[in-house]
Amino acid sequence: MLDLKFIRENTNLVKQAVQNKREKVDIDKLIALDSQRRELLQKVEKLKQERNTASQAIAKQKKEGKSADADIANMQQVSNEIKNLDNQVKEVESAAEEVQQWIPNMPHPSTPVGVGEQDNVEVKKWGRLPEMDFQPKPHWELAENLGIIDFARGAKVSGAFFVNYVGLGAKLERSLINFMLDLHVEKHGYTEVFPPFLVNRTTMFATGQLPKLEEDMYHTQVDDLFLIPTAEVPVTNLHRDENLEERDLPIKYTAYTPCFRREAGSYGKDTRGLVRIHQFDKVEMVKFVKPGTSYDELETLLAEAEDVLQLLELPYRVIELCTADLSFAAAKCYDIEVWAAGAQKWLEVSSCSTFETFQARRANIRYRNESTGKLEFVHTLNGSGLALPRTVIAILENYQTDEGTVMVPEVLRRYFGRDVIK
RNA sequence: GGAGAGGUGGCCGAGCGGCUGAAGGCACAGGUUUGCUAAACCUGCGUAGGGGCAACUCUACCGAGGGUUCGAAUCCCUCCCUCUCCGCCA
């Protein structure tokens, strides 16, 4: 959510940002509603002042044993007017909020302006692409041959794009989760949390999934709860409606959770294997930081996510998203794409973003600025570190041998207990 | 699911129609005293939204939303949450 005052004072900037993000919101309507609101407020507040004064006078009169009937009758009128105006204010306010909640965050000035994927900027490449003297297989073939992923039974149990990991496949998943969590806790200084996987509407709104992405989420109707599409949601909301202490910042959490996404409308794309599935595992990092530090924190966050791939010795590149590709709530975002040798493709395994105060304002997460004594919104950031399925793809495809077996990355062996999947 | 109790400022906690934005305490900040620390004393200390160049001023907020009333933290209704007990179940 953007600050209404900011929108009022920077209307053209906001309009430009909406356009750059390729969203559609009627900012002029919001401005009109806002000035209407203030007009009504002035009227009704004046009446309330009158009422307060009169009420005191009535109290005094009664105490002195005098009749206050005339004043009371008079105030009945005023009270009705107030009720009337209050209702109008409420209507105008909710109309304004309805518009406001559809306004995306402002992209950071450093974000390249663009109209689509093609305008994203590659900022870094790491590692050497594996060279193989045989035809590398796609991961689904490897996984099925090795008996570590059962696509058919996953589909039987739940439907297309649900998978069942078996034996060493299941263990690989667990090993990766443990490796990543340990790394972020021990080396990067994060606190591990294990949050709820079902969250309420308020929570979904606070991080910006609602209202825009309602169709993308699994929803339990009876209780009006949503399955989380990412740990970002419950973890960021841990501090919703809280005032944090400056000395406690930055607060850094890492969490493993499964993620549930309906992927509505994306069928026909990446239909094979693990590339796009409805339930996947992810280790996430979330930070609450002081406003001035958020862009440095973003760089650190990115480096910490990269660290996972470097330790796994998987080649990757870092992409800076252009305005058109930025998510609704993000101000700046880097994607990390890992190389998959079988598919000969770069696959997104991480997205590291700063939201500035956008989520904090929706979620009402503030901190006391010690030098000013004022409460200010924190900046929130999050990044995947990493999403598991595509990491698994990269491991299977990049570490495969001509015999169809898969070498286990060095760093994973103490978790996995063996050095080859065969 | 059933029965009770309760949700007040950063925290604890009083208030149960007007004198309460809210006693008192703790915490915090500034000051006085002090060899240092501590203690004691004094002062200050909520948030949001309007209006004003500003000093300042108005309005709202006691879990949320409605209602009664000239006036609601206080009375009524609905909902949410927490705790205790019972039942059921991992």
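Letters A, B, ... are given to chains in the order of the sequence lines, protein chains preceding strands, and every chain is numbered from 1.
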OP1 or OP2 of G71(B) sitting under 4.0 Å from any side-chain N/O of S79(A)? yes
Rounding to the closest angstrom, what is the interatomic distance between U32(B) and G24(B) at atom P? 25 Å
If only atom types and distance count, is the side chain of H108(A) paired as donor or acceptor with the main-chain N or O of S110(A) below 3.5 Å? yes
Sticking with atom P, work out how far A39(B) lies from C26(B), rounded to a whole angstrom. 11 Å
Using atom types as modelled and distance alone, determine if a side-chain donor or acceptor of R261(A) lies under 3.5 Å from a backbone N or O of H278(A). no
The contact string for nucleotides 51-63 of chain B, one letter per nucleotide 5' to 3', using protein heavy atoms under 4.0 Å with B, S and - for base, sugar-phosphate only and none, comes out as S------BSS---
With under 30° as parallel and over 60° as perpendicular, where do the rings of Y415(A) and F179(A) fit, or are they tilted in between? perpendicular
For a quick test of reading the model: is some side-chain N or O of R366(A) closer than 4.0 Å to OP1 or OP2 of G10(B)? no
What's the closest nucleotide to the side chain of I58(A) if the choices are G50(B), C70(B), U47(B)? C70(B)
Does the structure place the NZ or CZ of R362(A) under 6.0 Å from the centre of the six-membered ring of F205(A), at an angle of no more than 45° from the ring's axis? yes
Chi angles and distances behind the side-chain contact (heavy atoms from CB on, under 4.5 Å) call for I149(A), N164(A): CA-CA 6 Å; I149(A) 299 175; N164(A) 183 49; over 6 Å; no
Nearest-Å distance, CG (D224(A)) to P (C80(B))? 12 Å
Measure the distance from CD1 on I72(A) to C1' on C70(B) and round it to the nearest whole Å. 5 Å
Rounded to the nearest Å, what distance is computed from the CD atom of residue Q56(A) to the P atom of nucleotide C19(B)? 7 Å
With a cut-off of 3.5 Å and sequence neighbours excluded, list every side-chain donor-acceptor pair involving residues 150-162 of chain A.
residue: D150(A); atom: OD1; partner: A152(A); partner atom: N; Å: 3.3
residue: D150(A); atom: OD1; partner: R153(A); partner atom: N; Å: 2.9
residue: D150(A); atom: OD2; partner: R153(A); partner atom: NH1; Å: 2.8

Determine the Euclidean distance between corresponding C1' atoms of U74(B) and G50(B); express it in Å to zero decimal places. 28 Å
Length of the line joining R240(A):CZ and C80(B):C1', which is rounded to integer Å: 12 Å
Distance check needed: C19(B) C1' versus E64(A) CD, whole Å only. 13 Å
Would you call the rings of F194(A) and F197(A) parallel, tilted or perpendicular, taking 30° and 60° as the class edges? tilted
Let me know the distance between CG of D34(A) and P of G49(B), rounded to the nearest Å. 12 Å
Which protein N or O atoms sit under 3.5 Å from an N or O of nucleotides 64-68 of chain B?
residue: G66(B); atom: OP1; partner: K90(A); partner atom: NZ; Å: 2.6
residue: U68(B); atom: OP2; partner: K83(A); partner atom: NZ; Å: 3.2

Side-chain heavy atoms of R240(A) within contact of T202(A), under 4.5 Å: yes
Using atom C1' in both nucleotides, what's the gap between U47(B) and A54(B) to the nearest angstrom? 23 Å
I'd like to know whether CD of E64(A) has more than 12 heavy-atom contacts from other residues, nucleotides or ligands below 6.0 angstrom. yes
Measuring from R51(A):CZ to E81(A):CD, what's the distance to the nearest 0.5 Å? 12.0 Å
Would the Y295(A) and H379(A) ring centres measure less than 6.0 Å apart? no
Sticking with atom P, work out how far G21(B) lies from C16(B), rounded to a whole angstrom. 15 Å
I would like to know whether M285(A) and E304(A) meet side-chain contact (heavy atoms from CB on, under 4.5 Å); could you show each step before the answer? CA-CA 9 Å; M285(A) 297 175 276; E304(A) 287 158 348; 4.0 Å; yes
Quick one: label L41(A) by what it contacts on the DNA or RNA (base, sugar-phosphate, nothing), any heavy atom closer than 4.0 Å. sugar-phosphate
Walk me through whether Y253(A) and H239(A) qualify under ring-ring contact (aromatic ring centres under 6.0 Å, His included). CA-CA 11 Å; Y253(A) 293 126; H239(A) 290 300; 5.6 Å; yes
In whole Å, what is the span from the CG atom of L375(A) to the P atom of G9(B)? 14 Å
Test your reading of the model: is there a side-chain donor-acceptor pair from N120(A) to the backbone of C322(A), 3.5 Å cut-off? yes
When the C1' atoms of C70(B) and C79(B) are considered, how many whole Å apart are they? 29 Å
Can you give me the N/O atom pairs linking the protein to nucleotides 26-28 of chain B at distances under 3.5 Å, or say none if there are none?
none

Could you write out RNA chain B as a dot-bracket string, with dots for unpaired bases, | for bases paired across to another strand, and Watson-Crick or G-U pairs counted at under 3.5 Å? ((((((((.[[[..)..(.....]]].(((((.......))))).((((((....)))))).[[[[[..)....]]]]])))))))....
When the P atoms of C11(B) and A48(B) are considered, how many whole Å apart are they? 16 Å
Do any side-chain atoms of residues 9-22 of chain A form donor-acceptor pairs under 3.5 angstrom with protein atoms, and if so which ones, sequence neighbours left out?
residue: N10(A); atom: ND2; partner: F6(A); partner atom: O; Å: 2.9
residue: T11(A); atom: OG1; partner: I7(A); partner atom: O; Å: 3.0
residue: T11(A); atom: OG1; partner: R8(A); partner atom: O; Å: 3.2
residue: K15(A); atom: NZ; partner: D28(A); partner atom: OD1; Å: 2.8
residue: K15(A); atom: NZ; partner: D28(A); partner atom: OD2; Å: 3.3
residue: Q16(A); atom: NE2; partner: N20(A); partner atom: OD1; Å: 3.1
residue: K21(A); atom: NZ; partner: N105(A); partner atom: O; Å: 3.2
residue: K21(A); atom: NZ; partner: S327(A); partner atom: O; Å: 2.7
residue: K21(A); atom: NZ; partner: F328(A); partner atom: O; Å: 3.0
residue: K21(A); atom: NZ; partner: A330(A); partner atom: O; Å: 2.7
residue: R22(A); atom: NE; partner: V115(A); partner atom: O; Å: 3.4
residue: R22(A); atom: NH1; partner: V115(A); partner atom: O; Å: 2.7

For U43(B) versus C53(B), give the span between their P atoms, rounded off to a whole number of Å. 36 Å
Atom CZ of R368(A) and atom P of C45(B) are separated, to the nearest Å, by 13 Å
